[in-house]
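Have a look at the structure below, then the notes.
Lettering of chains follows the sequences in order, A, B, ..., and the numbering in each one begins at 1.
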Amino acid sequence: MSGHSTYVPKSAVGKWFESRLPIMGLIHSSFVVFPNPRNLNYFWTFGGILAFMLVAQIITGVVLAMHYTAHADMAFNSVELIMRDVNYGWMLRYLHANGASMFFIAVYVHIFRGLYYGSYKAPREILWILGVIIFLLMMATAFMGYVLPWGQMSFWGATVITNLFSAIPGVGEVIVSYLWGGYSVSNPTLNRFFSLHYLLPFMIAGVVALHIWALHVPGSNNPTGIEKKTDKDVLPFHPYFTVKDAFALSCFLMVYVWFAFYIPNFLGHADNYIEANAAVTPSHIVPEWYFLPFYAILRAIPDKLLGVLAMFGSIAIMVVVPWLDSSKIRSGNYRPVFQIFFWLFAINAVILGWLGSKPPEGWYVIASRISTVYYFAYYILVLPLLGLFETPKSMPASIADSVLGKGGSGSAMASGAASSPSTKG
Amino acid sequence: MTVDARAQLCLVSFNEAWGSAWQPAPPARFRIAEAKSSFWGLAEGALGARMTRVATTHASASAEPTRRDFLFIATGAAGAVGLAATIWPFVSQMAPDAATIAAGAPVDFDLSHVAEGQIVKLFWRGKLIFVRHRTADEIKSAQNTDVASLRDPEADAARVKPGKDQWLVVYGNCTHLGCVPLGNEGAFHGWQCPCHGSVFDTSGRIRQGPAPINLPVPPYAFTSDKAIRIG
Ligand code: HEM
Ligand code: FES
């Protein structure tokens, strides 16, 4: 995916094959010799982690699907049978359920990395938009997956989210009954959600391929935001970044399996171990944690249609971020005022998530409104205006300068450069 | 394929179709085709090449439609109709199927077991319905509400059957996002929704919170003094 390959097959079979399907050359140029900026910090390992999590979800999911029954009368029991009767069924299910959460932790780190280091700016706009599309597909996949165990949270989560579309004036009710295949969330709904839950991860895989393709045109951004210029700025992907990615992945996996094995239900809701009941809504329904900030935005606005628009808008606005940010400086490391607003934005997002888990009453509602206003103001006011007023810090001339220092002491490690450029610049 | 190659290919196939002598178009004309095809892809490339040819051979005559124009439009039209006809079944299959619709047959419900003050839940067409045996106080507070002040103004009398003030029959899903409101809760002692806090009065009308409209009244009729038929 990165132009011409320097790969030369060693064996005769290799040569024969390569001249017919040059896939080894593609892999070689993309993941072996690919020149990466030498100063990438650990925030750049989350792309690899995400790729791993997608594969992990597909493998555990395909196996779960061999034991799962997508029928409203049997789904709940089939999941209980997976937990009790299938050999290691409990493990597969806990890995899959917690895997979804880990996937979102990784994607949020990945997105905030992009927002901080300005990775969305030219020439990476398409790369960024493909990322937003992957994020949307992930949300759809996780939402439909959560419906499959057919517990109370599954059922009422599905009811509330599909009903969002009833806010569309005129045709809303028809659209919702077309989504359900009935007059309420019911067996046809479960069946189609299962079909789509199976399909979407493979669509994600397709968009990921485009995402990496688009990435390998300009190559990775880096903590300085300065493009690579000479060979001194880069290191080959293998072994430098394969090792770094693998090390980060190992640490990440420890957290993942710690959740899956020791606190497998910590991120879930006890109510989902009660079978779906269309006559009773649990007293406190909340979506999975990774949807909470958006849920808080939905509830902050007292009007149904406007609430729904704000919620979808809060994601859609990410598409135009590359054109909202007026600053020519890419990396937040050299933007002292931006840093303040950025961290406020990050904290605000966490607060929104917390508010989304609280009942919609009293001062929680007021706080949600303030947070929602800041969420949008960051995109609509801060990013466009800040670039016009802010005086950036002085910047190093090149990536190599930022790492090695202008005197070229050569002592700094490629990975240790995360925080240093701002002081050295 | 490069744009030039594409344009040439168009000209070649075009040549075959018309059996006329191959006439290389002047480079300037190619550029017209190029500019178009770079954006719209092969189809427009063909169109561009065709226009080039029209321009070269019919330049003096009027640019009247050619046989290729006809084929192009006819194929496009057939394709559009075919596409629509293909998409329709894929959309239509999402609608409630025949069995689901058939399950919408009317249901009879005996009211004699519903005590005063009680709310009973039942299902019709898979949708939850509340049957509420209202107390005298509940009826009075529903009737004494200033209708004009309501978000979805509706008099209590319009939501119950004449002479049957004690029986309120409404859909049991919140008109916000579909949760089941809890009975006898909230400031108006009608219902309160646990999801986003909508409050309904003893007539099932929206009074507070995000829900836009009152709990709708399903189609039903009294079959006797103590029985109703829903649907
Ligand atoms: C993007 C990747 C994926 C994500 C984020 C995801 C997410 C989820 C979530 C959140 C659940 C609910 C877990 C629970 O609480 O029980 C679930 C369940 C399920 N998923 Fe996935 N999934 C993914 C890929 C797949 C794939 C590729 C398949 C199968 C081909 C699959 C099959 C299933 C099945 C059968 C269940 C129901 C069993 C259960 O609830 O554990 N998933 N998924
Ligand atoms: S669903 Fe009832 S208030 Fe939102």
Side-chain angles (χ1 to χ4, degrees), chain A residues 72 152 155-167 169 172-189 191-192 277-287 295-296 298-308 311 356 358-362 364-365 368, chain B residues 88 90-105 119-131 151-152 171-183 185-187 191-199 206-213 216 218-219 230-231:
Chain A
Q152 275 287 67
F155 184 89
W156 291 103
T159 300
V160 168
I161 302 298
T162 48
N163 260 311
L164 292 175
F165 294 91
S166 72
E173 297 293 334
V174 178
I175 290 179
V176 172
S177 93
Y178 269 59
L179 291 177
W180 289 337
Y183 304 105
S184 60
V185 173
S186 47
N187 188 52
T189 326
N191 257 292
R192 63 189 59 179
N277 178 354
V280 183
T281 306
S283 59
H284 185 47
I285 82 149
V286 277
Y295 195 59
L298 167 77
R299 299 190 309 179
I301 291 163
D303 181 89
K304 177 168 164 177
L305 178 60
L306 292 180
V308 172
M311 189 186 76
K358 294 289 160 196
E361 48 198 35
Y364 292 131
V365 179
S368 305
Chain B
W88 176 243
F90 283 88
V91 173
S92 176
Q93 57 81 26
M94 290 172 68
D97 66 14
T100 310
I101 294 168
I119 304 171
V120 171
K121 296 172 178 178
L122 56 114
F123 285 93
W124 174 63
R125 293 209 309 189
K127 274 196 107 66
L128 184 65
I129 286 174
F130 291 140
V131 177
R151 181 178 307 168
D152 182 8
Y171 280 114
N173 293 101
C174 180
T175 54
H176 182 225
L177 297 174
C179 294
V180 179
L182 303 168
E185 301 267 333
W191 285 270
Q192 176 160 21
C193 184
C195 290
H196 319 99
S198 290
V199 175
I206 178 65
R207 302 300 287 270
Q208 290 167 0
I213 56 169
I230 302 175

Using every non-hydrogen atom in the two residues, find where [X] and [Y] come nearest and quote the distance to one decimal.
| X | Y | answer |
| --- | --- | --- |
| A:Ser184 | B:Gly126 | OG-O, 3.0 Å |
| A:Asn163 | B:Leu177 | ND2-O, 2.9 Å |
| B:Cys195 | A:Ile285 | SG-CG1, 3.4 Å |
| B:Val180 | A:Trp156 | CG2-CH2, 3.2 Å |
| B:Ala95 | A:Tyr178 | CB-CZ, 3.4 Å |

Contact part of [X] toward chain B, heavy-atom cut-off under 4.5 Å: side chain, backbone, both or neither?
| X | answer |
| --- | --- |
| A:Pro359 | neither |
| A:Leu305 | neither |
| A:Ser283 | backbone |
| A:Phe165 | neither |

>> Quick check for you: to the nearest 0.5 Å, what is the distance between B:His196 atom NE2 and A:Lys304 atom NZ?
In response: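 With rounding to 0.5 Å, NE2 (B:His196) is 11.0 Å from NZ (A:Lys304).
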> Roughly how far, to the nearest 0.5 Å, is the CH2 atom of A:Trp180 from the OG1 atom of B:Thr100?
Replying inline: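 If I round to the nearest 0.5 Å, the distance is 13.0 Å.
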> Between A:Val280, A:Thr281, A:Thr159, which is the residue that forms a side chain to side chain contact (heavy atoms under 4.5 Å, CB included) with B:Cys179?
Replying inline: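 Running side chain to side chain contact (heavy atoms under 4.5 Å, CB included) over A:Val280, A:Thr281, A:Thr159 with B:Cys179 returns exactly one hit, A:Thr281.
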> With a 4.5 angstrom heavy-atom cut-off, which part of B:Leu122 approaches chain A: side chain, backbone, both or neither?
Replying inline: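 No part of it gets close to chain A.
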